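Since the structure comes first, as structure tokens, the remarks are kept for the end.
Read the numbers this way: they start at 1 and go in the same order the structure lists the ligands and their atoms. For clarity, every value in this text was computed on a predicted model and none was experimentally measured.
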Amino acid sequence: MNQNIMQDDSALGIEKSIEGRRAIRFNKIEDDSLSLDIPNNLLRKTKPYLPQLSELDAVRHFTRLSRRSFSLDTHFYPLGSCTMKYNPKINEDISMFEGFANLHPLAMDSCAQGTLEMLYDAEKILCEICGMDAMTLQPAAGAHSEFTGALVAKAYFEKKGESQRTEIIVPDSAHGTNPATAVMLGFKTVNIKSTSDGQIDLEALKAAISDKTAILMLTVPNTLGIFEFNIEEITRIAHEAGALVYMDGANFNALMGIIKPGKFGIDIMHLNMHKTFSTPHGGGGPGAGSIGVNKLLEEFLPYPRVIKENNEFKIKTDYPNSIGKIKAYFGNVGVLLKAYAYLLMHSKETLGETARNAIINANYLLKKLKKNYPAYCEDYCMHECVLTPSKELTSNKVKTLDIGKRLLDYGFHAPTVYFPLIVHEAIMIEPTETESKETMDLFVEAMEKIFEEGKTNPEIVKAAPHSLSVKRLDEVAAARKPNIKWDISDTAKQLGSATETKKEECAK
Ligand SMILES: *Cc1c(COP(=O)(O)O)cnc(C)c1O
């Protein structure tokens, strides 16, 4: 990038300030009736110290800043496990339709027929896709869905008089939220190891399961990007021991339209709308989860629920065995509306096609990359593949993090790194179904270049990124103590006394 532009780009606004410069100015109206009765002691005595810029400069400043970010709208974003899918922009328009967006959450049923029908219908469609009997769309996220599902299981066992079931079995290939959920509800987690090909070890499962097991909690596909081929045998073993089987279906985008979990013995499962059903996520939400359950567990679902009587949609709260409310009103309805719009764009066939394309794309990258980035599972993957840096790279001390950082220089968002935990130096890549072959080929080209660099000139990879406005950040501090507020004193510190003087002048 041109050096001057870079310098311009990093300007913070304050140092571009020129006295009297501003955007459009309206004429002042002299009208006493408009004066506000602000007590004298609260009135500002000095002008606020704000940068004075023309509209063009201000707009360009913020637009430049926005371009420093990587986003789905600007870059290939191959995050594994967190599925950054294509989110049709029309869904955003639909979620802003006045009838939905302006509906009061306490509106009478008769005034909310459209929203209630949407929720009712979305539940029916999702039940059909998953082969489940009933569903709630209230959870706000995947982890919240797991929490809800485990509460439902707990209520079920309590009613059955089996409160001694205090354990949840979690394979080591499960998503991290699974054991976290178990612990939050006071369950004891029992970990079981995977076999070397990434499948659940049936013998380990049989050894771990007992009349203390409440739930066997499976991530399907698991975090290695692999489907459990023995799933029917697994659910049979669990049911024989009297346990329920929970499926974490956050990444159902690899399976929808192809299989129905209800058919192979799943008792409870969750979906992430903000992964599988094409609603945006990132930056902390909002998302939307859901759990589907079989007939036996329906009475424990959270209330309220939408029912249909005499062709009218009604809110029903009277469910004596329900676990209660888990979210205000009906959850994140705006997000559900986007997911519903996506579902209406699809048929069973096209959903299946979407899942197949996700699998084809991930396998394409697996085949292209595995020579220089050995795969945990060589032969195939579902919607994502888990790779590692090869010996040529590790012997030069090039780590997964370095590869992720160097990808930024080549214009790609980094994949998920260091997850799943059971794979050392994991690089977890998920292209999603909507990326073109051309984009994936460019990504492969960048990965190959990084491999060559790592072999012959490792320092360039280890010191990446080189082309961005910031170097390596303290990622933990950035997440735990984010500094997202502009503060004049921070700027003053950065710019030194020049600004201090200006500030003092203003204060006078
Ligand atoms: C993302 C994800 C979750 C958690 O979902 P959130 O909406 O982030 O709470 C759980 N399990 C799997 C497999 C996931 O990919």
Regarding [X] and [Y], do their side chains bring together a donor and an acceptor under 3.5 Å, going by distance alone?
X      : Y      : value
Asn251 : Thr83  : yes
Asp121 : Tyr340 : yes
Asn357 : Glu433 : no

query = Once the angle between the rings of His413 and Tyr77 is folded into 0 to 90°, is it parallel (under 30°), tilted (30 to 60°) or perpendicular (over 60°)?
reply =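 Judged by the thresholds at 30° and 60°, the geometry between His413 and Tyr77 is parallel.
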
Write 'none' if nothing qualifies; otherwise put on separate lines each N/O atom of ligand 1 with a protein N/O atom under 3.5 Å away and their distance to 0.1 Å.
from     : atom 1 : to     : atom 2 : distance (Å)
ligand 1 : 5 (O)  : Asn272 : ND2    : 3.1
ligand 1 : 7 (O)  : Gly142 : N      : 2.7
ligand 1 : 7 (O)  : Asn272 : ND2    : 3.2
ligand 1 : 7 (O)  : His274 : NE2    : 2.7
ligand 1 : 9 (O)  : Gly142 : N      : 3.3
ligand 1 : 9 (O)  : Ala143 : N      : 2.8
ligand 1 : 11 (N) : His175 : ND1    : 3.3
ligand 1 : 11 (N) : Asp248 : OD1    : 3.2
ligand 1 : 11 (N) : Asp248 : OD2    : 2.5
ligand 1 : 15 (O) : Ser81  : O      : 2.8
ligand 1 : 15 (O) : Ser81  : OG     : 3.1
ligand 1 : 15 (O) : Asn251 : ND2    : 3.3
ligand 1 : 15 (O) : Lys275 : NZ     : 2.7

key: Contact summary for Cys130 and Leu271, nearest pair of heavy atoms   = SG-CD1, 3.8 Å

inquiry  = Rounded at 0.5 Å granularity, tell me how far CD in Glu233 sits from CD in Glu228.
reply    = 12.5 Å

